[in-house]
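Structure, as structure tokens:
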Amino acid sequence: MNSRATQDAYAPRPEHHFTFGLWTVGNPGRDPFGEQVRPAIPPTRIVEKLAELGAYGVNLHDNDLVPRDAGAAERDRIVNEFKEVLEATGMRVPMATTNLFSDPAFRDGAFTSNDPRVREYAVQKAMAAIDLGVELGAETYVFWGGREGVETNAAKDPCAALGWYRDALNFLCEYVRSQGYQLKFALEAKPNEPRGDIFLATTGHMLAFIYSLDHPEMVGLNPEVAHEHMAGLDFTHAVAQALEAGKLFHIDLNAQKPGRFDQDLRFGSEDPKAAFFLVKLLEDAKWPGMRHFDSHAYRTEDEEGVWDFAAGSMRTYLILKEKVAQFNADSEIQGLLQEIAARGGATDSRLVFSPERVQELRSASLDLESIRQDGYAYERLDQLTMEVLLGVR
Ligand code: GCO
Ligand code: MN
Ligand code: MN
């Protein structure tokens with residue numbers, strides 16, 4: 001890693017709350033058409049390298065660390081070795097999750113499989129993985145239902161499947177409470193891949209589902225850039241809805257070209273303008289959560305490329321954060337925003353219902369002539385935004 005990336009104004013530090021998954025930097029470049037291209041990087045080495053690069057922590061699925069068929073003694077040996085490297089580097093494990101997708105047992109889903117034995121296995125596996133996460137200090141537990149879906153609607157009653165999904169999450173919430181764990185769940189939506197169609201396809205679907213659970217206060221969201229872009233949606237709006245509902249518990253940052261398979265590209269690399277508005281939303285809100293990069297290096301890369309990818313992800317975030325400060329301090333931009341605010345939008349309390357307001361509003365004479373004529377100057381505002389982004393202001 002060149003010294004510029006680790007020492008200048010955009011150098012990441014733990015207080016920036018950047019995290020990566022063991023599965024992200026550890027991605028060996030396997031894809032449906034090709035074999036692994038890079039040797040697996042041992043988890044302890046991942047922790048050391050990420051600490052060196054200025055990350056706050058590392059997240060994991062149970063089986064990123066402990067192989068699925070490991071016995072108790074092997075599990076403890078691996079976990080202890082991992083804890084030692086966390087201790088030595090000061091790295092944290094703020095989020096953990098369960099692999100409920102690799103095992104052939106989950107081919108028809110985990111919590112929503114038509115086979116009730118699979119649903120039991122999924123809950124059993126999730127309980128053990130929750131124990132592991134808590135042992136490592138995790139405060140957020142992610143559920144991404146990659147296999148919860150169908151290829152054909154002939155196979156499954158989607159209402160029944162949602163019921164099974166709810167039962168499993170209710171069971172696991174009660175499990176966490178019964179163990180006295182301080183753990184919150186964050187649900188991650190995705191429209192498709194690996195299933196043809198995945199249940200609860202977007203952040204908005206997930207949000208509505210949360211309020212149907214027994215303990216909605218324990219459950220929030222983990223929106224991902226690529227997943228919302230795959231559905232052709234505006235990610236910033238999804239995150240804003242989560243934030244406004246007090247449900248933004250975690251976030252998965254990456255980049256995605258529209259209309260493709262899930263590419264997991266380096267944050268900001270395909271959609272710098274969208275990434276800018278996302279960073280603006282998070283930073284203006286002073287959102288305290290983890291900025292997790294759920295992405296991986298191009299398959300062309302060797303291990304050096306992996307660390308370039310990791311450093312670049314954090315660096316882009318910090319560059320965009322500086323652009324946000326520049327946008328917020330730009331007098332011409334702020335002047336235009338003040339003109340918009342002067343229309344009264346920001347402080348509008350005129351639509352608070354009362355019988356008097358109904359009477360007033362019935363007889364109000366609104367200046368429709370000027371309302372119909374006045375433009376909003378958003379072209380100028382957007383061009384100024386672009387000039388900030390393109391570095392000419
Ligand atoms: C994907 C998902 C996963 C999840 C991870 C944590 O598209 O593969 O984004 O990377 O985020 O399993 O739950
Ligand atoms: Mn993803
Ligand atoms: Mn993800």
Side-chain angles (χ1 to χ4, degrees), residues 18-32 46 57-65 68 93-103 106 109-111 122 125-126 129-130 132-133 136 138-149 165 168-169 172 183-203 206 219-231 233 235 238-239 242 248-258 260-267 269-271 278 289-297 299 309 313:
F18 292 130
T19 62
F20 292 83
L22 285 182
W23 73 94
T24 64
V25 277
N27 183 298
R30 199 180 293 112
D31 72 15
I46 290 179
V58 70
N59 305 317
L60 47 87
H61 301 84
D62 48 356
N63 305 133
D64 298 340
L65 185 62
R68 197 173 68 213
V93 178
M95 179 274 259
T97 182
T98 327
N99 183 325
L100 292 172
F101 42 89
S102 296
D103 189 329
F106 298 131
F111 301 145
K125 193 172 193 292
I130 286 172
L132 173 66
L136 295 171
E139 291 166 355
T140 306
Y141 202 86
V142 164
F143 288 92
W144 169 64
R147 296 276 176 207
E148 315 294 6
Y165 213 155
L169 289 172
L172 291 167
L183 196 64
K184 291 196 156 193
F185 290 174
L187 308 186
E188 177 178 347
K190 188 176 184 181
N192 59 273
E193 199 189 343
R195 294 312 292 267
D197 286 286
I198 297 178
F199 298 131
L200 303 172
T202 71
T203 298
M206 278 293 182
V219 187
L221 296 158
N222 178 37
E224 173 168 323
V225 176
H227 299 179
E228 231 66 29
H229 286 187
M230 285 167 76
L233 301 174
F235 185 62
V239 175
L248 187 65
F249 287 8
H250 198 262
I251 196 163
D252 279 3
L253 302 174
N254 53 20
Q256 171 75 28
K257 290 186 204 242
R260 313 284 169 98
F261 64 95
D262 185 15
Q263 296 174 304
D264 284 339
L265 298 165
R266 193 177 72 260
F267 178 63
S269 63
E270 286 301 330
D271 46 12
L278 174 65
M290 295 296 138
R291 276 77 173 154
H292 170 74
F293 296 102
D294 191 12
S295 42
H296 52 75
R299 192 165 182 269
F309 147 82
S313 303

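Order of appearance sets the numbers: ligands from 1, and atoms from 1 within every ligand.
At a 3.5 angstrom cut-off on N or O pairs, Asp294 counts as close to ligand 1. Residue-to-ligand polar distances place Glu188 within reach of ligand 1: an N/O pair is separated by less than 3.5 Å.
Distances from the Mn ion (ligand 2) to the N/O/S atoms of His227 are shortest for NE2. Considering just the N/O/S atoms of Asp294, the one nearest the Mn ion (ligand 3) carries the name OD2. Closest approach between the Mn ion (ligand 3) and any N/O/S atom of Asp252 involves OD2. Within Glu188, the N, O or S atom at minimum distance from the Mn ion (ligand 3) carries the name OE2.
When the heavy atoms of His61, His227, Met95 are ranked by distance to atom 12 (O) of ligand 1, first place goes to His61.
Atom CG of residue Leu221 and atom CD of residue Glu188 lie 10.5 Å apart, to the nearest 0.5 angstrom. Atom-to-atom distance recorded for Glu148:CD and Leu200:CG is 9.5 Å, nearest 0.5 angstrom.
One of the N, O or S atoms belonging to Glu224 lies under 2.8 Å away from the Mn ion (ligand 2).
Set against the non-hydrogen atoms of Asp252, the atoms of ligand 1 under 4.0 Å away are 11 (O). Short contacts between ligand 1 and Val142, defined as distances under 4.0 Å to a heavy atom of the residue, involve ligand atoms 13 (O). Listed by number with element, the atoms of ligand 1 under 4.0 Å from a non-hydrogen atom of Thr97 are 6 (C), 13 (O). Using a 4.0 Å cut-off to heavy atoms of Lys190, the atoms of ligand 1 that qualify are 1 (C), 7 (O).
Only the side chain of Trp23 comes within 4.0 Å of ligand 1, counting heavy atoms alone; its backbone N, CA, C and O stay farther away. By the criterion of a heavy-atom distance under 4.0 Å, neither the backbone nor the side chain of Asn99 is placed next to ligand 1. Contact annotation: for Glu224 versus ligand 1, heavy atoms closer than 4.0 Å belong to the side chain alone.
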Stepwise side chain to side chain contact (heavy atoms under 4.5 Å, CB included) test for Ile251 and Leu253: CA-CA 6 Å; Ile251 196 163; Leu253 302 174; 4.1 Å; yes

Chi angles and distances behind the side chain to side chain contact (heavy atoms under 4.5 Å, CB included) call for Phe185, Leu172: CA-CA 9 Å; Phe185 290 174; Leu172 291 167; 3.9 Å; yes

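Residues Tyr165 and Phe199 keep their aromatic ring centres 6.0 Å or farther apart.
Note on ring orientation: taking the six-membered ring where Trp is involved, the planes of Phe293 and Phe18 are tilted (angle from 30° to 60°). Ring orientation note: the planes of Trp144 and Phe101 are nearly perpendicular, at an angle over 60° on the 30°/60° scale. Between Trp23 and His292, the ring planes are tilted. Angles from 30° to 60° get that label.
Side chain to side chain, Asp264 and Asn254 meet the donor-acceptor criterion of an N or O pair below 3.5 Å.
In this structure, the side chain of Asp64 engages the main chain of His61 through a donor-acceptor pair within 3.5 Å.
Atom 1 (C) of ligand 1 has its closest protein heavy atom at Trp144 CZ2, 3.5 Å.
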